[in-house]
**Q** 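Can you read through this structure? Questions will come right after.
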Amino acid sequence: MFISCGLFWLPNLYAVPWDNLSSEALETKLLEKFEAGMYSPKGADSCLMCHRKNDKVMAIFDGVHGQTSLAKSPMSGLQCEACHGPQGAHNKGGKEPMISFGHKSKLSASAQNTVCQGCHNDVKQMSWHNSTHNLEEVACSDCHQVHTANDPVMNKLTVNDSCTNCHVKEKADMNKRSSHPLKFNQMSCVDCHAPHGSMNESALVKSSVNDTCFSCHTEKRGPFLWEHAPVTEDCVTCHNPHGSVNDDLLNHRAPQLCQQCHANDGHASRVATEPGVDAFGGGKSCLNCHSQIHGSNHPSGSLLQR
């Protein structure tokens, strides 16, 4: 008997040790097992006959997924097989595969994720399919840990470490001299970003960059009588939210930052000093005079000076 799998024809997979199966052949075999639906009548007891000496396996009972008292917990239903699939003849020689998770699994990220999404399909995951994490084939198990009492990404004191395992550039920014207090765990990545995706730019929890910033920086929201256009358009025009070597998370220090928009007008936009026309004499910064850079409500504040 042969089974078609993509462009290849494989011999009867029942006779092939499942560790040697290709990813495609493994998924084919698992689909066959689900169609057969040969679940163990003893549930987790059948699995623990072999796996009870594995501390990581037994740690499932420390977390919510292993609580039989919770109606929505896998352990209150099909137990281990709710996530790892029907046992079939797996316990007879180990030649039938089970669903495995993590970096060592041969299953694709999407195949692994469908198991989790069988239960976790509420509004918090509604944008998962168009999220960067999904498009980059990140598996739920790459971030989440099920066989544990405390999932690190569900704890605001440890979630930043999980995110920066991949987002190394942001980790470098977090450790620059001017940054949000992310490295002290006084803020977390999920305060601003939705890891399961959102309908907004950069998976932000709010509808825009500015609305996200205004969640904390309410004094910058306005409305102001005299507004500064870059401020009302996008905070990241001037600031790097993850950190910067410049004061106040600025992308560039003043006056170079200001000169990106304000052309040479003979007043203050010259880099080289010229007696009589250079306004940078005191500290060489536009902010010496234009201190209300985020906006002003003063009747005479059209130049953001007061």
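Note that the numbering runs from 1 along the sequence shown for the chain.
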**Q** Taking salt bridge (charged side-chain N to carboxylate O under 4.0 Å, His left out) as the cut-off, I'd like each qualifying pair that reaches into residues 179-199, sequence neighbours left out, listed once.
**A** Lys156-Asp191
**Q** I want to check something: taking the side chain as every heavy atom from C-beta on, are Asn150 and Asn155 in contact at a cut-off of under 4.5 Å?
**A** no
**Q** Looking only at heavy atoms, which two atoms of Ser178 and Leu249 are closest? And how far apart?
**A** OG-N, 2.8 Å
**Q** In chain order, what residues pass the side-chain contact (heavy atoms from CB on, under 4.5 Å) check against Val138, with sequence neighbours excluded?
**A**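 Partners of Val138 under the side-chain contact (heavy atoms from CB on, under 4.5 Å) test: His133, Glu136, Asp142, Cys143.
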**Q** Of all residues at least two apart in sequence or in a different chain, which pass the salt bridge (charged side-chain N to carboxylate O under 4.0 Å, His left out) check with Lys169?
**A**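 Partners of Lys169 by the salt bridge (charged side-chain N to carboxylate O under 4.0 Å, His left out) criterion, ordered by chain and then number, come out as Asp173.
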**Q** Could you give all pairs that pass the side chain to side chain donor-acceptor pair (under 3.5 Å) test and reach residues 210-227, with sequence neighbours left out?
**A**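 Non-adjacent pairs meeting side chain to side chain donor-acceptor pair (under 3.5 Å): Ser207-Asp211, Ser208-Asp211.
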**Q** Should Leu257 and Cys238 be marked as a side-chain contact (heavy atoms from CB on, under 4.5 Å) after you check the CA-CA gap, both sets of side-chain angles, and the distance that decides it?
**A** CA-CA 7 Å; Leu257 177 65; Cys238 299; 4.0 Å; yes
**Q** I'd like to check Val205 versus His193 (side-chain heavy atoms, cut-off strictly below 4.5 Å). Are they in contact?
**A** no
**Q** Once ring-ring contact (aromatic ring centres under 6.0 Å, His included) is applied, do any residues pair with His147, and if so which ones, sequence neighbours excluded?
**A**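 Here no residue qualifies.
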**Q** What is the minimum heavy-atom distance between Ser141 and Gly102, and which atoms define it?
**A** OG-N, 3.1 Å
**Q** Give the minimum heavy-atom separation between His180 and Pro241, together with the two atoms involved.
**A** ND1-O, 2.7 Å
**Q** CD/Glu96 to CD/Gln87 distance, rounded to the nearest 0.5 angstrom?
**A**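 If we round to the nearest 0.5 Å, Glu96:CD and Gln87:CD are 9.0 Å apart.
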**Q** Same cluster or not: are Tyr39 and Ile99 linked, directly or through other Ile, Leu, Val, Met, Phe, Trp or Tyr residues, by side-chain heavy atoms under 4.5 angstrom apart?
**A**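 Yes, one cluster joins them.
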**Q** Can any side-chain N or O of Ser198 pair as donor or acceptor with the backbone N or O of Asn200 at less than 3.5 Å?
**A** yes
**Q** Say you draw a straight line from CG of Asp151 to CD of Gln145; how long is it, rounded to the nearest 0.5 Å?
**A**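 Going from CG on Asp151 over to CD on Gln145, the span is 6.0 Å.
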**Q** Could you work out, with side-chain contact (heavy atoms from CB on, under 4.5 Å) as the rule, every residue matching Asn297, not counting sequence neighbours?
**A**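 Per chain and number, Asn297 pairs via side-chain contact (heavy atoms from CB on, under 4.5 Å) with Phe224, Leu225.
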**Q** Would you check if there is a donor-acceptor pair between the side chains of Glu27 and Ser108 at a distance under 3.5 Å?
**A** yes
**Q** Okay, side chain of Ser244, backbone of Asn251: is any donor-acceptor separation there less than 3.5 Å?
**A**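 No, the answer is negative, given that no donor and acceptor are paired below the 3.5 Å cut-off.
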**Q** Rounded to the nearest 0.5 Å, what's the gap from CD1 on Ile60 to CD on Gln79? Could you check?
**A**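 The distance works out to 11.0 Å.
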**Q** Going from NE2 on His252 to SG on Cys258, what distance comes out if it is rounded to the nearest 0.5 angstrom?
**A**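 These two atoms lie 11.5 Å from each other.
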**Q** Would you check if the side chain of His242 reaches a backbone N or O of Met174 as a donor-acceptor pair within less than 3.5 Å?
**A**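 Not a single qualifying donor-acceptor pair exists.
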**Q** Counting only N and O atoms by type, is there a donor-acceptor contact under 3.5 Å from the side chain of Ser100 to the main-chain atoms of Ser105?
**A** no
**Q** Got a sec, which pairs hit salt bridge (charged side-chain N to carboxylate O under 4.0 Å, His left out) with one end in residues 234-251, sequence neighbours left out?
**A** Arg177-Asp247
**Q** Would you say the side-chain atoms of Asn246 pair up with the backbone N or O of Leu250, donor to acceptor, closer than 3.5 Å?
**A** yes
**Q** Going through the checks in order, is the side-chain contact (heavy atoms from CB on, under 4.5 Å) test met by Val231 and Ile293?
**A** CA-CA 8 Å; Val231 177; Ile293 201 65; 5.7 Å; no
**Q** According to the side chain to side chain donor-acceptor pair (under 3.5 Å) rule, which pairs have a member within residues 61-78, sequence neighbours left out?
**A** none
**Q** Between OG of Ser188 and CG of Asn160, what distance do you get to the nearest 0.5 Å?
**A**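 CG of Asn160 is found 5.5 Å from OG of Ser188.
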**Q** Determine, step by step, whether Gln292 and His228 satisfy the side-chain contact (heavy atoms from CB on, under 4.5 Å) criterion, reporting the C-alpha distance in whole Å, the side-chain angles of both residues, the deciding distance to 0.1 Å, and the verdict.
**A** CA-CA 9 Å; Gln292 302 301 312; His228 190 194; over 6 Å; no
**Q** With sequence neighbours excluded, tell me which residues meet side-chain contact (heavy atoms from CB on, under 4.5 Å) with Leu303.
**A** His290, Gln305
**Q** State which residues pass salt bridge (charged side-chain N to carboxylate O under 4.0 Å, His left out) with Lys171; sequence neighbours excluded, sorted by chain then number.
**A**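 For Lys171 there are no salt bridge (charged side-chain N to carboxylate O under 4.0 Å, His left out) partners, ignoring immediate neighbours.
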**Q** Within the distance-only criterion (no hydrogens, no angle test), does the side chain of His298 pair as donor or acceptor with the backbone N or O of Ser300 below 3.5 angstrom?
**A** yes
**Q** Passes side-chain contact (heavy atoms from CB on, under 4.5 Å), Val159 versus Cys163? Steps please.
**A** CA-CA 6 Å; Val159 64; Cys163 297; 4.1 Å; yes
**Q** Using the side-chain contact (heavy atoms from CB on, under 4.5 Å) criterion, which residues pair with Pro181? Sequence neighbours excluded.
**A** Phe184, Gln186, Met187
**Q** So which pairs with a foot in residues 117-129 pass side chain to side chain donor-acceptor pair (under 3.5 Å), sequence neighbours left out?
**A**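 Qualifying pairs, neighbours excluded: Trp128-Asn134.
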**Q** Taking His90 for its side chain and Pro97 for its backbone only, find out whether a donor-acceptor pair lies under 3.5 Å.
**A**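 The answer is no, because no donor-acceptor pair under 3.5 Å joins these two groups.
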**Q** Indicate the atoms forming the closest heavy-atom contact of Ala44 with Met75, along with that distance.
**A**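 So the minimum-distance heavy-atom pair works out to CB-SD, 4.2 Å.
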**Q** So, taking the atom named CD in Gln259 and the one named SG in Cys286, what distance separates them when rounded to the nearest 0.5 Å?
**A**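 One finds 6.5 Å between CD of Gln259 and SG of Cys286.
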**Q** Are the side chain of Thr158 and the backbone N or O of Pro152 linked by a donor-acceptor pair below 3.5 Å?
**A** yes
**Q** Donor-acceptor pair, Lys176 side chain versus Val245 backbone, under 3.5 Å?
**A**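 Not confirmed, Lys176 side chain does not pair with Val245 backbone.
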**Q** Would you mind reporting whether Phe101 and Val115 have side-chain heavy atoms less than 4.5 Å apart?
**A** yes
**Q** Within a 6.0 Å radius of atom CD on Glu137, are there more than 12 heavy atoms belonging to other residues, nucleotides or ligands?
**A** no
